[in-house]
Amino acid sequence: MEYQVGVISGDGIGPEIVREAKKVLDKVGEIYGHAFSYDEILMGGISIDKTGEPLTEAAIAQAKAADAVLMGSIGGNASTSPWYQLPPHLRPEAGLLKLRKSLNLFANLRPAYLYEELKEACPLREDIIGDGFDMMIMRELTGGLYFGNRVTEARDGVMTAEDTLTYNENEIRRIAIRGFDIARKRRKKVTSVDKANVLDSSRLWRKVVEEVAAGYPDVSLEHMLVDNCAMQLVKDPKQFDVILTENMFGDILSDEASMVTGSIGMLSSASLNDTKFGLYEPSGGSAPDIAGQGIANPIATILSAAMMLRYSFDLDREADAVEEAVRQALKEGYRTADIMPQEEAGKAGVTQVGTAEMGSLIAERVKK
Ligand code: NAD
(Lines give C-alpha, C1' and ligand atoms only; values in the text may rest on other atoms or scores of the structure.)
Protein backbone atom coordinates (compact mmCIF):
# COMPACT_ATOMS: atom_id res chain seq x y z
CA MET A 1 0.00 0.00 0.00
CA GLU A 2 0.99 3.60 -0.46
CA TYR A 3 0.69 6.05 2.42
CA GLN A 4 1.06 9.80 2.28
CA VAL A 5 2.67 11.13 5.44
CA GLY A 6 2.67 14.84 6.17
CA VAL A 7 5.88 15.67 8.00
CA ILE A 8 6.35 18.61 10.33
CA SER A 9 10.04 18.58 11.18
CA GLY A 10 9.75 21.89 13.03
CA ASP A 11 12.44 23.47 15.14
CA GLY A 12 15.35 22.58 17.42
CA ILE A 13 15.92 18.82 17.51
CA GLY A 14 12.74 18.31 15.42
CA PRO A 15 14.46 17.76 12.04
CA GLU A 16 17.09 15.45 13.63
CA ILE A 17 14.59 13.12 15.30
CA VAL A 18 12.10 13.10 12.40
CA ARG A 19 14.90 12.07 10.01
CA GLU A 20 15.44 8.93 12.10
CA ALA A 21 11.73 8.08 12.24
CA LYS A 22 11.59 8.33 8.43
CA LYS A 23 14.62 6.03 8.23
CA VAL A 24 12.72 3.43 10.27
CA LEU A 25 9.50 3.88 8.26
CA ASP A 26 11.45 3.40 5.03
CA LYS A 27 12.86 0.17 6.40
CA VAL A 28 9.31 -0.98 7.28
CA GLY A 29 8.24 -0.09 3.74
CA GLU A 30 11.10 -2.05 2.22
CA ILE A 31 10.47 -5.19 4.30
CA TYR A 32 6.68 -5.22 4.29
CA GLY A 33 6.12 -3.86 0.79
CA HIS A 34 4.64 -0.44 1.58
CA ALA A 35 5.54 2.94 0.11
CA PHE A 36 5.63 5.97 2.40
CA SER A 37 5.80 9.32 0.66
CA TYR A 38 6.56 12.43 2.68
CA ASP A 39 5.23 15.93 2.27
CA GLU A 40 7.15 18.48 4.35
CA ILE A 41 4.80 20.94 6.11
CA LEU A 42 6.01 24.19 7.65
CA MET A 43 4.96 24.89 11.22
CA GLY A 44 6.40 26.67 14.24
CA GLY A 45 9.47 28.89 14.26
CA ILE A 46 10.70 27.82 10.84
CA SER A 47 7.31 28.79 9.40
CA ILE A 48 7.49 32.19 11.14
CA ASP A 49 10.91 32.77 9.57
CA LYS A 50 9.73 31.77 6.11
CA THR A 51 6.13 33.06 5.99
CA GLY A 52 5.64 35.38 8.98
CA GLU A 53 3.05 32.99 10.51
CA PRO A 54 3.43 29.86 12.66
CA LEU A 55 0.97 27.94 10.46
CA THR A 56 -0.41 29.07 7.11
CA GLU A 57 -3.71 28.01 5.51
CA ALA A 58 -1.65 26.26 2.84
CA ALA A 59 0.09 24.20 5.53
CA ILE A 60 -3.28 23.22 7.05
CA ALA A 61 -4.46 22.13 3.59
CA GLN A 62 -1.32 19.99 3.19
CA ALA A 63 -1.96 18.34 6.58
CA LYS A 64 -5.59 17.65 5.67
CA ALA A 65 -4.53 16.05 2.39
CA ALA A 66 -2.15 13.62 4.16
CA ASP A 67 -3.18 10.19 5.51
CA ALA A 68 -1.49 11.12 8.81
CA VAL A 69 1.03 13.66 10.08
CA LEU A 70 4.30 12.87 11.80
CA MET A 71 5.77 15.73 13.78
CA GLY A 72 9.10 16.45 15.47
CA SER A 73 8.66 19.45 17.72
CA ILE A 74 8.29 23.19 17.47
CA GLY A 75 9.44 26.19 19.46
CA GLY A 76 12.67 27.66 20.76
CA ASN A 77 14.21 29.09 23.86
CA ALA A 78 11.53 31.40 25.24
CA SER A 79 14.06 33.80 26.81
CA THR A 80 16.42 34.18 23.84
CA SER A 81 14.48 33.41 20.66
CA PRO A 82 13.01 36.38 18.71
CA TRP A 83 9.89 34.25 18.06
CA TYR A 84 8.83 34.98 21.65
CA GLN A 85 8.94 38.75 21.11
CA LEU A 86 5.92 38.31 18.81
CA PRO A 87 2.30 38.60 20.00
CA PRO A 88 1.06 35.24 21.41
CA HIS A 89 -1.03 34.34 18.35
CA LEU A 90 2.06 34.54 16.13
CA ARG A 91 4.38 32.46 18.33
CA PRO A 92 5.41 28.89 17.37
CA GLU A 93 3.03 27.09 19.79
CA ALA A 94 0.02 28.97 18.33
CA GLY A 95 0.63 26.96 15.15
CA LEU A 96 0.17 23.66 16.97
CA LEU A 97 -3.03 24.77 18.71
CA LYS A 98 -4.41 25.98 15.38
CA LEU A 99 -3.51 22.69 13.70
CA ARG A 100 -5.19 20.62 16.45
CA LYS A 101 -8.31 22.75 16.13
CA SER A 102 -8.38 22.72 12.32
CA LEU A 103 -8.07 18.94 12.24
CA ASN A 104 -10.55 18.40 15.10
CA LEU A 105 -8.06 16.28 17.04
CA PHE A 106 -10.17 15.47 20.10
CA ALA A 107 -8.45 12.33 21.38
CA ASN A 108 -4.97 12.39 22.84
CA LEU A 109 -3.13 9.13 23.44
CA ARG A 110 -0.05 8.85 25.58
CA PRO A 111 1.40 5.43 26.24
CA ALA A 112 3.35 4.89 29.46
CA TYR A 113 5.51 1.83 29.03
CA LEU A 114 8.41 0.81 31.21
CA TYR A 115 11.27 -0.90 29.40
CA GLU A 116 12.99 -3.60 31.41
CA GLU A 117 16.36 -2.08 30.41
CA LEU A 118 15.40 1.39 31.68
CA LYS A 119 13.99 0.32 35.03
CA GLU A 120 16.66 2.41 36.76
CA ALA A 121 14.94 5.58 35.53
CA CYS A 122 11.64 4.62 37.21
CA PRO A 123 11.23 6.36 40.57
CA LEU A 124 8.96 3.59 41.93
CA ARG A 125 10.07 0.79 44.26
CA GLU A 126 11.27 -2.46 42.69
CA ASP A 127 8.38 -4.49 44.19
CA ILE A 128 5.85 -2.06 42.68
CA ILE A 129 7.51 -2.11 39.25
CA GLY A 130 7.57 -5.92 39.16
CA ASP A 131 8.00 -6.99 35.55
CA GLY A 132 7.03 -3.55 34.28
CA PHE A 133 3.83 -1.86 33.16
CA ASP A 134 2.23 -0.83 29.91
CA MET A 135 -0.70 1.57 29.88
CA MET A 136 -2.31 4.05 27.54
CA ILE A 137 -3.74 7.34 28.78
CA MET A 138 -6.56 8.48 26.54
CA ARG A 139 -7.43 12.11 27.20
CA GLU A 140 -10.25 14.17 25.71
CA LEU A 141 -8.50 17.16 24.16
CA THR A 142 -11.00 19.70 22.88
CA GLY A 143 -13.72 20.01 25.54
CA GLY A 144 -14.22 20.43 29.27
CA LEU A 145 -12.78 23.03 31.58
CA TYR A 146 -10.03 24.27 29.24
CA PHE A 147 -12.56 25.24 26.56
CA GLY A 148 -15.49 26.46 28.66
CA ASN A 149 -16.50 30.05 29.32
CA ARG A 150 -14.35 31.88 31.81
CA VAL A 151 -14.69 35.21 33.49
CA THR A 152 -12.99 37.23 36.21
CA GLU A 153 -15.07 40.09 37.60
CA ALA A 154 -16.11 41.87 40.74
CA ARG A 155 -19.33 40.49 42.17
CA ASP A 156 -20.78 42.48 45.04
CA GLY A 157 -17.38 44.13 45.41
CA VAL A 158 -15.47 40.81 45.60
CA MET A 159 -13.14 39.72 42.78
CA THR A 160 -14.47 36.41 41.51
CA ALA A 161 -13.19 34.05 38.85
CA GLU A 162 -15.33 31.44 37.15
CA ASP A 163 -14.42 28.60 34.76
CA THR A 164 -17.08 26.44 33.19
CA LEU A 165 -16.79 22.68 32.71
CA THR A 166 -19.14 21.49 29.99
CA TYR A 167 -19.39 18.17 28.16
CA ASN A 168 -22.17 17.02 25.91
CA GLU A 169 -22.98 13.38 25.30
CA ASN A 170 -21.60 13.44 21.74
CA GLU A 171 -18.20 14.67 22.89
CA ILE A 172 -18.09 11.89 25.49
CA ARG A 173 -19.36 9.20 23.13
CA ARG A 174 -16.79 9.82 20.39
CA ILE A 175 -13.81 9.62 22.76
CA ALA A 176 -15.26 6.60 24.55
CA ILE A 177 -15.64 4.79 21.21
CA ARG A 178 -11.99 5.61 20.44
CA GLY A 179 -10.94 4.33 23.86
CA PHE A 180 -12.77 1.01 23.49
CA ASP A 181 -11.44 0.55 19.94
CA ILE A 182 -7.92 1.03 21.24
CA ALA A 183 -8.46 -1.31 24.20
CA ARG A 184 -9.49 -3.94 21.66
CA LYS A 185 -6.02 -3.64 20.12
CA ARG A 186 -4.46 -4.08 23.57
CA ARG A 187 -5.35 -6.05 26.73
CA LYS A 188 -9.08 -5.26 26.49
CA LYS A 189 -9.57 -3.30 29.69
CA VAL A 190 -10.83 0.28 30.04
CA THR A 191 -10.59 2.25 33.29
CA SER A 192 -12.84 5.28 32.94
CA VAL A 193 -11.74 8.04 35.30
CA ASP A 194 -14.13 10.70 36.57
CA LYS A 195 -15.35 12.50 39.69
CA ALA A 196 -18.90 11.22 39.54
CA ASN A 197 -19.38 11.54 43.31
CA VAL A 198 -19.29 15.34 42.88
CA LEU A 199 -19.61 16.54 39.27
CA ASP A 200 -22.63 16.40 36.94
CA SER A 201 -20.32 16.34 33.92
CA SER A 202 -18.72 13.20 35.38
CA ARG A 203 -22.08 11.54 35.99
CA LEU A 204 -22.97 12.10 32.31
CA TRP A 205 -19.48 10.87 31.38
CA ARG A 206 -20.05 7.63 33.31
CA LYS A 207 -23.53 7.06 31.81
CA VAL A 208 -22.35 7.55 28.21
CA VAL A 209 -19.23 5.41 28.73
CA GLU A 210 -21.48 2.61 30.01
CA GLU A 211 -23.70 2.90 26.93
CA VAL A 212 -20.65 2.66 24.67
CA ALA A 213 -19.26 -0.28 26.68
CA ALA A 214 -22.42 -2.27 25.90
CA GLY A 215 -21.24 -2.46 22.28
CA TYR A 216 -17.87 -3.94 23.35
CA PRO A 217 -18.70 -7.10 25.33
CA ASP A 218 -15.12 -8.33 24.86
CA VAL A 219 -13.66 -5.27 26.66
CA SER A 220 -14.00 -4.95 30.43
CA LEU A 221 -14.89 -1.61 31.98
CA GLU A 222 -14.23 -0.26 35.43
CA HIS A 223 -14.88 3.22 36.81
CA MET A 224 -12.40 4.97 39.07
CA LEU A 225 -12.54 8.33 40.81
CA VAL A 226 -9.72 10.63 39.72
CA ASP A 227 -8.25 11.07 43.21
CA ASN A 228 -8.04 7.30 43.63
CA CYS A 229 -6.53 6.94 40.13
CA ALA A 230 -3.75 9.42 41.00
CA MET A 231 -2.89 7.17 43.96
CA GLN A 232 -3.21 3.88 42.07
CA LEU A 233 -0.81 5.09 39.34
CA VAL A 234 2.05 5.08 41.83
CA LYS A 235 0.74 2.26 44.05
CA ASP A 236 -0.01 -0.35 41.40
CA PRO A 237 0.47 0.90 37.80
CA LYS A 238 0.34 -2.68 36.46
CA GLN A 239 -3.44 -2.80 36.93
CA PHE A 240 -4.05 -0.33 34.06
CA ASP A 241 -4.47 -0.95 30.35
CA VAL A 242 -6.44 1.99 28.82
CA ILE A 243 -7.25 4.94 31.10
CA LEU A 244 -10.07 6.94 29.52
CA THR A 245 -10.66 10.41 30.90
CA GLU A 246 -11.69 14.01 30.31
CA ASN A 247 -9.40 16.91 29.46
CA MET A 248 -8.16 18.28 32.78
CA PHE A 249 -7.95 14.93 34.60
CA GLY A 250 -6.06 13.54 31.58
CA ASP A 251 -3.66 16.49 31.53
CA ILE A 252 -2.60 15.75 35.09
CA LEU A 253 -2.71 11.93 35.02
CA SER A 254 -0.78 11.65 31.72
CA ASP A 255 2.11 13.66 33.16
CA GLU A 256 2.06 11.55 36.30
CA ALA A 257 2.04 8.33 34.27
CA SER A 258 4.84 9.47 31.98
CA MET A 259 7.05 10.50 34.89
CA VAL A 260 7.06 6.97 36.26
CA THR A 261 8.56 5.68 32.99
CA GLY A 262 11.70 7.83 33.07
CA SER A 263 13.08 9.84 30.15
CA ILE A 264 11.07 12.30 28.07
CA GLY A 265 13.04 11.10 25.03
CA MET A 266 11.11 7.79 25.15
CA LEU A 267 7.53 9.09 25.25
CA SER A 268 5.41 9.01 22.13
CA SER A 269 1.95 10.49 21.63
CA ALA A 270 -0.91 10.69 19.17
CA SER A 271 -3.85 13.03 18.65
CA LEU A 272 -6.75 11.58 16.70
CA ASN A 273 -10.04 12.75 15.19
CA ASP A 274 -13.04 10.63 14.26
CA THR A 275 -11.49 9.41 11.01
CA LYS A 276 -8.34 7.34 10.71
CA PHE A 277 -6.28 10.54 10.58
CA GLY A 278 -3.87 11.35 13.41
CA LEU A 279 -1.04 13.68 14.38
CA TYR A 280 1.86 11.75 15.89
CA GLU A 281 4.60 13.41 17.90
CA PRO A 282 7.02 12.85 20.75
CA SER A 283 5.84 14.19 24.12
CA GLY A 284 8.98 16.30 24.56
CA GLY A 285 9.70 19.70 23.09
CA SER A 286 12.30 21.04 20.67
CA ALA A 287 15.10 20.81 23.26
CA PRO A 288 16.98 23.92 22.06
CA ASP A 289 19.70 23.17 24.64
CA ILE A 290 20.89 20.14 22.65
CA ALA A 291 19.73 21.00 19.10
CA GLY A 292 22.30 20.50 16.36
CA GLN A 293 24.59 18.35 18.50
CA GLY A 294 23.38 14.99 17.15
CA ILE A 295 22.71 13.65 20.64
CA ALA A 296 18.89 13.86 20.91
CA ASN A 297 17.02 10.63 21.56
CA PRO A 298 14.95 9.75 18.46
CA ILE A 299 13.08 6.86 20.14
CA ALA A 300 9.93 8.83 21.12
CA THR A 301 9.55 9.94 17.50
CA ILE A 302 10.19 6.44 16.19
CA LEU A 303 7.58 5.08 18.62
CA SER A 304 5.19 7.84 17.48
CA ALA A 305 5.69 6.58 13.91
CA ALA A 306 4.84 3.07 15.20
CA MET A 307 1.61 4.48 16.67
CA MET A 308 0.86 6.00 13.26
CA LEU A 309 1.28 2.57 11.64
CA ARG A 310 -1.07 1.03 14.22
CA TYR A 311 -3.80 3.62 14.59
CA SER A 312 -3.95 5.45 11.24
CA PHE A 313 -2.88 2.68 8.86
CA ASP A 314 -4.02 -0.44 10.79
CA LEU A 315 -0.57 -1.96 10.24
CA ASP A 316 -0.35 -3.75 13.58
CA ARG A 317 2.36 -6.25 12.59
CA GLU A 318 4.56 -3.45 11.29
CA ALA A 319 3.99 -1.39 14.45
CA ASP A 320 4.90 -4.43 16.58
CA ALA A 321 8.08 -4.86 14.50
CA VAL A 322 9.17 -1.27 15.15
CA GLU A 323 8.46 -1.53 18.88
CA GLU A 324 10.37 -4.81 19.01
CA ALA A 325 13.31 -3.22 17.15
CA VAL A 326 13.45 -0.45 19.79
CA ARG A 327 13.36 -3.05 22.57
CA GLN A 328 16.11 -5.04 20.86
CA ALA A 329 18.42 -2.02 20.48
CA LEU A 330 17.95 -1.23 24.19
CA LYS A 331 18.49 -4.87 25.13
CA GLU A 332 21.79 -4.85 23.23
CA GLY A 333 22.89 -1.95 25.40
CA TYR A 334 22.59 1.00 23.02
CA ARG A 335 21.69 4.26 24.78
CA THR A 336 21.50 7.92 23.85
CA ALA A 337 22.94 10.30 26.45
CA ASP A 338 19.58 11.05 28.13
CA ILE A 339 18.95 7.37 28.96
CA MET A 340 22.53 6.60 29.93
CA PRO A 341 22.75 6.55 33.72
CA GLN A 342 26.10 7.84 35.03
CA GLU A 343 26.82 4.54 36.76
CA GLU A 344 26.44 2.64 33.46
CA ALA A 345 28.86 4.86 31.47
CA GLY A 346 31.93 2.88 30.46
CA LYS A 347 30.40 -0.47 31.56
CA ALA A 348 30.89 -3.42 29.23
CA GLY A 349 27.81 -4.12 27.14
CA VAL A 350 26.51 -0.56 27.27
CA THR A 351 27.27 1.78 24.35
CA GLN A 352 26.43 5.45 24.09
CA VAL A 353 25.31 6.45 20.60
CA GLY A 354 24.09 9.60 18.85
CA THR A 355 20.75 10.36 17.20
CA ALA A 356 21.56 9.05 13.70
CA GLU A 357 23.27 5.92 14.98
CA MET A 358 20.34 5.06 17.24
CA GLY A 359 17.98 5.52 14.26
CA SER A 360 20.11 3.22 12.09
CA LEU A 361 20.43 0.59 14.83
CA ILE A 362 16.65 0.48 15.23
CA ALA A 363 16.00 0.46 11.46
CA GLU A 364 18.42 -2.47 11.06
CA ARG A 365 16.53 -4.40 13.72
CA VAL A 366 13.10 -4.11 12.05
CA LYS A 367 12.27 -7.68 11.06
CA LYS A 368 9.42 -9.49 9.35
P1 NAD B 1 11.85 20.19 26.15
O2 NAD B 1 11.00 18.96 26.24
O3 NAD B 1 12.19 20.67 24.80
O4 NAD B 1 13.20 19.95 26.96
C5 NAD B 1 13.23 19.59 28.35
C6 NAD B 1 14.52 18.80 28.63
O7 NAD B 1 14.39 17.50 28.06
C8 NAD B 1 15.77 19.44 28.00
O9 NAD B 1 16.87 19.27 28.85
C10 NAD B 1 15.97 18.63 26.73
O11 NAD B 1 17.32 18.56 26.31
C12 NAD B 1 15.43 17.26 27.14
N13 NAD B 1 14.86 16.53 25.98
C14 NAD B 1 13.67 16.73 25.38
N15 NAD B 1 13.52 15.90 24.34
C16 NAD B 1 14.63 15.15 24.29
C17 NAD B 1 15.10 14.12 23.42
N18 NAD B 1 14.36 13.68 22.41
N19 NAD B 1 16.31 13.59 23.66
C20 NAD B 1 17.07 14.00 24.70
N21 NAD B 1 16.70 14.97 25.55
C22 NAD B 1 15.50 15.55 25.34
O23 NAD B 1 11.09 21.31 26.99
P24 NAD B 1 11.40 22.86 27.10
O25 NAD B 1 12.88 23.11 27.13
O26 NAD B 1 10.57 23.33 28.22
O27 NAD B 1 10.82 23.48 25.77
C28 NAD B 1 11.60 23.83 24.63
C29 NAD B 1 10.68 24.31 23.53
O30 NAD B 1 9.85 23.24 23.09
C31 NAD B 1 9.72 25.42 23.97
O32 NAD B 1 9.62 26.36 22.93
C33 NAD B 1 8.41 24.69 24.17
O34 NAD B 1 7.30 25.54 24.01
C35 NAD B 1 8.49 23.68 23.07
N36 NAD B 1 7.62 22.51 23.26
C37 NAD B 1 7.06 22.02 22.13
C38 NAD B 1 6.27 20.89 22.21
C39 NAD B 1 5.68 20.36 20.93
O40 NAD B 1 6.22 20.64 19.87
N41 NAD B 1 4.61 19.59 21.00
C42 NAD B 1 6.05 20.23 23.43
C43 NAD B 1 6.68 20.74 24.58
C44 NAD B 1 7.47 21.90 24.47
Side-chain angles (χ1 to χ4, degrees), residues 1 3 5 7 9 13-36 38 68 70-72 111-122 131-134 136 185-186 261-270 280-284 294-341 344-345 347-368:
M1 277 276 291
Y3 300 94
V5 181
V7 174
S9 293
I13 60 169
E16 302 168 46
I17 53 183
V18 162
R19 197 175 303 130
E20 301 315 308
K22 281 161 68 178
K23 200 186 268 178
V24 174
L25 281 175
D26 288 339
K27 186 65 188 293
V28 167
E30 193 186 301
I31 295 182
Y32 287 86
H34 307 300
F36 299 103
Y38 305 105
L70 179 66
M71 180 178 144
Y113 179 88
L114 184 67
Y115 287 87
E116 171 82 33
E117 292 72 22
L118 303 181
K119 268 185 181 172
E120 311 297 303
C122 176
D131 52 6
F133 48 82
D134 172 9
M136 179 74 82
K185 283 183 176 254
R186 296 173 46 93
T261 66
S263 169
I264 187 101
M266 301 293 296
L267 299 169
S268 54
S269 87
Y280 298 86
E281 55 173 321
S283 296
I295 59 169
N297 186 347
I299 293 181
T301 319
I302 291 169
L303 292 172
S304 301
M307 289 181 87
M308 177 175 80
L309 295 173
R310 193 181 301 284
Y311 297 117
S312 281
F313 304 158
D314 276 325
L315 298 176
D316 287 9
R317 267 187 327 151
E318 290 81 343
D320 288 344
V322 172
E323 288 168 2
E324 185 50 39
V326 169
R327 217 170 288 130
Q328 191 56 38
L330 293 173
K331 205 179 278 175
E332 290 174 36
Y334 296 108
R335 306 277 188 274
T336 44
D338 58 307
I339 51 171
M340 182 83 169
E344 283 202 12
K347 254 195 195 171
V350 183
T351 316
Q352 187 167 324
V353 296
T355 313
E357 199 177 351
M358 183 57 103
S360 301
L361 287 161
I362 293 168
E364 283 159 18
R365 281 157 183 74
V366 174
K367 297 270 147 40
K368 195 153 189 175

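Numbers here are sequence positions counted from 1.
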Taking the side chain as everything from C-beta on, heavy atoms only, tell me whether [X] gets closer than 4.5 Å to [Y].
{"X": "V5", "Y": "Y280", "result": "no"}
{"X": "I339", "Y": "Y115", "result": "no"}
{"X": "L114", "Y": "K119", "result": "yes"}

Distance (rounded to the nearest 0.5 Å) between [X] [atom1] and [Y] [atom2]:
{"X": "R317", "Y": "R310", "atom1": "CZ", "atom2": "CZ", "result": "12.5 Å"}
{"X": "I299", "Y": "S268", "atom1": "CD1", "atom2": "OG", "result": "11.0 Å"}
{"X": "M340", "Y": "T351", "atom1": "CE", "atom2": "OG1", "result": "7.5 Å"}
{"X": "E323", "Y": "L309", "atom1": "CD", "atom2": "CG", "result": "9.0 Å"}
{"X": "R186", "Y": "M136", "atom1": "CZ", "atom2": "CE", "result": "5.0 Å"}
{"X": "I302", "Y": "M358", "atom1": "CD1", "atom2": "CE", "result": "8.0 Å"}

Donor-acceptor check, side chain of [X] to backbone of [Y], threshold 3.5 angstrom: yes or no?
{"X": "S304", "Y": "E281", "answer": "yes"}
{"X": "S312", "Y": "A68", "answer": "no"}
{"X": "T355", "Y": "I295", "answer": "yes"}
{"X": "R335", "Y": "V353", "answer": "no"}
{"X": "Y311", "Y": "A306", "answer": "no"}

Heavy atoms only: give me the nearest [X]-[Y] pair and the separation to one decimal.
{"X": "A296", "Y": "T336", "answer": "O-CG2, 4.0 Å"}
{"X": "T301", "Y": "P282", "answer": "OG1-CG, 3.6 Å"}
{"X": "I362", "Y": "A325", "answer": "O-CB, 3.4 Å"}
{"X": "L303", "Y": "M266", "answer": "CD1-O, 3.6 Å"}
{"X": "V18", "Y": "S9", "answer": "CG1-OG, 3.9 Å"}
{"X": "Y32", "Y": "K367", "answer": "OH-O, 2.8 Å"}

State plainly whether the residues [X] and [Y] are in salt-bridge range, i.e. N to O under 4.0 Å.
{"X": "R19", "Y": "E16", "answer": "no"}
{"X": "K23", "Y": "E20", "answer": "yes"}
{"X": "R327", "Y": "D320", "answer": "no"}

### Message
side chain to side chain contact (heavy atoms under 4.5 Å, CB included) for M308 and L25? Distances and angles first, verdict last.
### Response
CA-CA 10 Å; M308 177 175 80; L25 281 175; 3.7 Å; yes
### Query
Only one of Q328, E324, E332 forms a side chain to side chain donor-acceptor pair (under 3.5 Å) with R365, so which one is it?
E332
### Pair F36 and Y38, ring centroids less than 6.0 Å apart
no
### Query
Relative to each other, are the rings of Y3 and H34 parallel, tilted or perpendicular (30° and 60° limits)?
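Judged by the thresholds at 30° and 60°, the geometry between Y3 and H34 is perpendicular.
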